[in-house]
Each structure stands twice: as C-alpha cells, then as structure tokens.
> 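Take this structure first; my questions come after.
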Amino acid sequence: MKLFNANFSPNALRVRAVALELGIDLEVVEVDLRAGGTKTDEFLAMNPNGKIPVLQDGDFVLWESRAINSYLASLKPETGLYPTDAKARATVEQWSNWQAIHLGPSMQKVSFERVMKEKFGMGTPDQAVIDGELKNIEQFLAVLNTGLEGKDWIAGALSVADFALASTFMYRVPADISLDAVPNVAAWIERLEARKSWQDAYAPVKALLG
Ligand SMILES: N[C@@H](CCC(=O)N[C@@H](CS)C(=O)NCC(=O)O)C(=O)O
C-alpha cells in the first residue's frame, strides 16, 4: 500500500501513526505541496480535492485521513483500534468527527499563524485570528478534558479516535498552546506520545521543526 504524504501535515501524521500501530507497512510517497505536487493531473485523478493524505491499495484509492485510518484498522479487527461493537464504534466516530469539525480547525489556525507562517515565510501572524481561536480552543479542551476523566483513552480502549485527536496537538509546543488547565488532556497526550508507533511516525516532524 502507498501513502501519499507530507511530513508537516497533521492529517498525514495520524495515518502514519495508525499504520505503525497496526503493523501495516506503507510505502510513503512524499508529495511536495509547495511545488504543486497535489495539483497535477495524476494526483487530482486520485484525489480531486488536491490534498494529501491519499492511500492507494491496489486499485482502491482513498482520501480523508480518518476514513483511511478506519479502513486500515478494519483490516486488523483483532487490534480493536476501530471496534466492531456498534456503541464502541459510534463513540470512536463521535470523537473523530468532533476533532475534524471543532478542535482540529481551531488548533490548525493557531499553528498556521504562530508556526507555519514564520517557517515558510508566509507573512506575520494575525493576532485577531489567534485571539479568537484561542478562546475556542479553551472551550474545546475543557470538553476533551471532561471526556478523558477516569480514562486512559478517549473511547475507553486505544482507538483511531486517539490518533485523530493527537495529531491536532503536533504543533502545540511551538504554537504555545498550554495544557496546564486540562490535566487529563496533558496526561493522555503524554501517554500517546510515549507509544513507539507515535514516536516513529513523529520522527520526520521532529526533524522538520528542528
Ligand atoms: N480533511 C482532510 C484534510 C486534508 C488536508 O487539508 N491536507 C492538506 C495538508 S494538511 C493539503 O494537502 N493541503 C494541500 C493544498 O490544500 O494544496 C484529511 O483529513 O485528510
């Protein structure tokens, strides 16, 4: 299986980490986004959105990182990363969707303003955007902190939802997003980041951040 990837992307990070957690060997194809690598006819034929990550499994092509992770984990049901029980699976979907729609975009906007703009020479940070999104993040983190009360993992057992959520935190240190007020979140992210799968998936990001 091939994964079309970019190392700075949280969406790609969650797929690399889940594949490693599952013991699925992916051939990682690095796509140069800044050179238009996602806008070629060949790439757009795979993903008309012109975005990574994309998974290619023979003739089967899949985009959207959380769908890719559900597919990969479904190939290894014995791991329980994408549970088959209806309620457990719905809880995993609940947190994965919440990450995609609520927490993720706010964290990404602050990371873009505070980290990516400087890294890639894309102008000065917009303080109004940062201030607005930090308010949203404060509310979202409180929700996640409550969700993690008394639990090691967000859906009870380790699942693709933990990886969906965790990738959102990949720039929290350079983006100066504090977890001091949300101890359950701080302990959970440390737990996840201690996993070998995460450390291996994160290694290219570390190299990028210097
Ligand atoms: N919802 C998508 C988002 C994918 C996405 O936004 N990918 C970004 C990198 S983080 C991208 O490829 N951007 C290239 C572009 O927009 O030209 C997913 O989860 O896979």
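Counting convention: from 1, in listed order, for ligands and their atoms alike. Computed from a predicted model, the values in this text were never measured in an experiment.
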> Note the single closest protein heavy atom to atom 17 (O) of ligand 1, along with its residue, its atom name and the distance in Å.
Lys39 NZ, 2.8 Å
> In terms of residue, atom name and distance, what is the protein heavy atom nearest to atom 6 (O) of ligand 1?
Lys51 CD, 3.5 Å
> Hey, are Ser96 and Arg66 close enough side-chain-wise for a donor-acceptor pair under 3.5 Å?
no
> Looking at non-hydrogen atoms alone, which of Leu62, Ile52, Val54 comes nearest to atom 8 (C) of ligand 1?
Ile52
> Within the side chain of Asn49, is there an N or O that forms a donor-acceptor pair under 3.5 Å with the backbone of Lys51?
no
> Between Tyr171 and Arg114, is there a cation-pi geometry (under 6.0 Å to ring centre, at most 45° from the normal)?
no
> Counting each atom of ligand 1 from 1 as listed, which ones have a heavy atom of Gly50 under 4.0 Å away?
14 (C), 15 (C), 17 (O)
> Compute the minimum heavy-atom distance from Ala6 to ligand 1 and say whether it is under 4.0 Å.
no
> Does a salt bridge link Lys206 with Glu193, judged by any charged N lying under 4.0 Å from a carboxylate O?
no
> Under 4.0 Å between a side-chain nitrogen and a carboxylate oxygen: does that hold for Lys196 and Asp200?
yes
> Please identify each residue that fulfils ring-ring contact (aromatic ring centres under 6.0 Å, His included) with Trp63, with sequence neighbours left out.
none
> Could you check atom 3 (C) of ligand 1 against the protein and tell me its nearest heavy-atom contact, residue, atom and distance included?
Asn11 ND2, 3.7 Å
> Please indicate whether any nitrogen or oxygen in Ser65 is less than 3.5 Å from any nitrogen or oxygen in ligand 1.
yes
> Return the closest protein heavy atom for atom 9 (C) of ligand 1 as residue, atom name and distance.
Ser9 OG, 3.8 Å
> Give me the nearest non-hydrogen protein atom to atom 2 (C) of ligand 1 as residue plus atom name, then the distance to 0.1 Å.
Glu64 OE1, 3.3 Å
> Classify the ring geometry between Trp98 and Trp95 as parallel (under 30°), tilted (30 to 60°) or perpendicular (over 60°).
perpendicular
> Would you mind telling me if ligand 1 is within reach of the side chain of Leu33, the backbone, both or neither, using heavy atoms under 4.0 Å?
side chain
